[in-house]
Amino acid sequence: MSIEQRDHQTAVTWIEGEIDNMIRDLGQPNASSAATSAITLAYLLRVIDDGEQRHYRARIDQIYATYNESIRQGAAA
């Protein structure tokens, strides 16, 4: 495995871990800040590409959309 591949794998593992932490912290202030920061830093360091950055940001948006919908449905019940 090359250094670039290892750096990429390290970044992806870090981002995935921060997204898992974000999911556990949903509903808390700034729950997505660490995940968003990890994505931004990995992108700025060029260890993830444009597509991966968009994928992870869309994933965070989808997690929040699902969470917000569950809150709305719970309030309506």
Side-chain angles (χ1 to χ4, degrees):
M1 180 180 286
S2 72
I3 292 172
E4 291 83 15
Q5 290 170 321
R6 189 179 67 226
D7 289 348
H8 179 266
Q9 187 58 48
T10 299
V12 167
T13 301
W14 177 36
I15 291 167
E16 292 290 343
E18 292 300 342
I19 289 174
D20 289 343
N21 289 338
M22 179 195 83
I23 291 168
R24 282 193 295 276
D25 294 340
L26 280 175
Q28 300 296 317
N30 301 315
S32 66
S33 62
T36 301
S37 294
I39 294 164
T40 301
L41 182 58
Y43 179 71
L44 290 173
L45 293 174
R46 298 180 184 197
V47 292
I48 63 171
D49 62 27
D50 291 339
E52 289 170 310
Q53 180 197 32
R54 285 190 298 275
H55 164 78
Y56 285 121
R57 290 195 182 276
R59 187 164 163 209
I60 288 173
D61 290 344
Q62 182 58 50
I63 290 167
Y64 269 111
T66 301
Y67 172 76
N68 290 333
E69 183 62 28
S70 71
I71 296 296
R72 275 187 233 115
Q73 288 178 357

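Computation of the quantities below employed the complete heavy-atom set of this structure, encompassing side-chain atoms and omitting hydrogens, waters and symmetry-equivalent molecules.
- Note that the CG atom of D7 and the CD1 atom of I48 stand 12.5 Å from one another [nearest 0.5 Å].
- The line from NE2 of H8 to CG of L45 is 12.5 Å long, rounded to the nearest 0.5 Å.
- Checked against side chain to side chain contact (heavy atoms under 4.5 Å, CB included), D61 has no partners two or more places apart in sequence or in another chain.
- Residues passing the salt bridge (charged side-chain N to carboxylate O under 4.0 Å, His left out) test with E4: none are found, sequence neighbours excluded.
- By the criterion of side-chain heavy atoms lying less than 4.5 angstrom apart, applied directly or through intervening Ile, Leu, Val, Met, Phe, Trp or Tyr residues, Y56 is not grouped with L41; the two fall into different hydrophobic clusters.
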Could you walk me through whether T13 and E16 pass side-chain contact (heavy atoms from CB on, under 4.5 Å), step by step? CA-CA 5 Å; T13 301; E16 292 290 343; 5.8 Å; no
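- Residues D25 and A31 come closest through the heavy atom pair O-CB, 3.4 Å.
- In this structure, NE2 on H55 lies 11.5 Å from CD on Q62, to the nearest 0.5 angstrom.
- Here CG of N21 is found 11.0 Å from CG of L26. Values are rounded to the nearest 0.5 Å.
- Within the model, atoms CE of M22 and OH of Y67 stand 11.0 Å from one another, a figure rounded to the nearest 0.5 Å.
- Closest non-hydrogen pair, I60 versus I39, comes out as CD1-CD1, 3.6 Å.
- Judged by distance alone, with hydrogens and angles left aside, the side-chain atoms of Q73 form no donor-acceptor pair with the main-chain N or O of S70 at under 3.5 Å.
- Counting only residues at least two apart or on different chains, the side chain to side chain donor-acceptor pair (under 3.5 Å) pairs with a member in residues 31-42 are T40-R57.
- The shortest heavy-atom contact between A38 and E18 is CB-CG, 4.2 Å.
- The hydrophobic cluster containing W14 does not contain I63, counting ILVMFWY residues as joined when their side-chain heavy atoms lie under 4.5 angstrom apart, directly or transitively.
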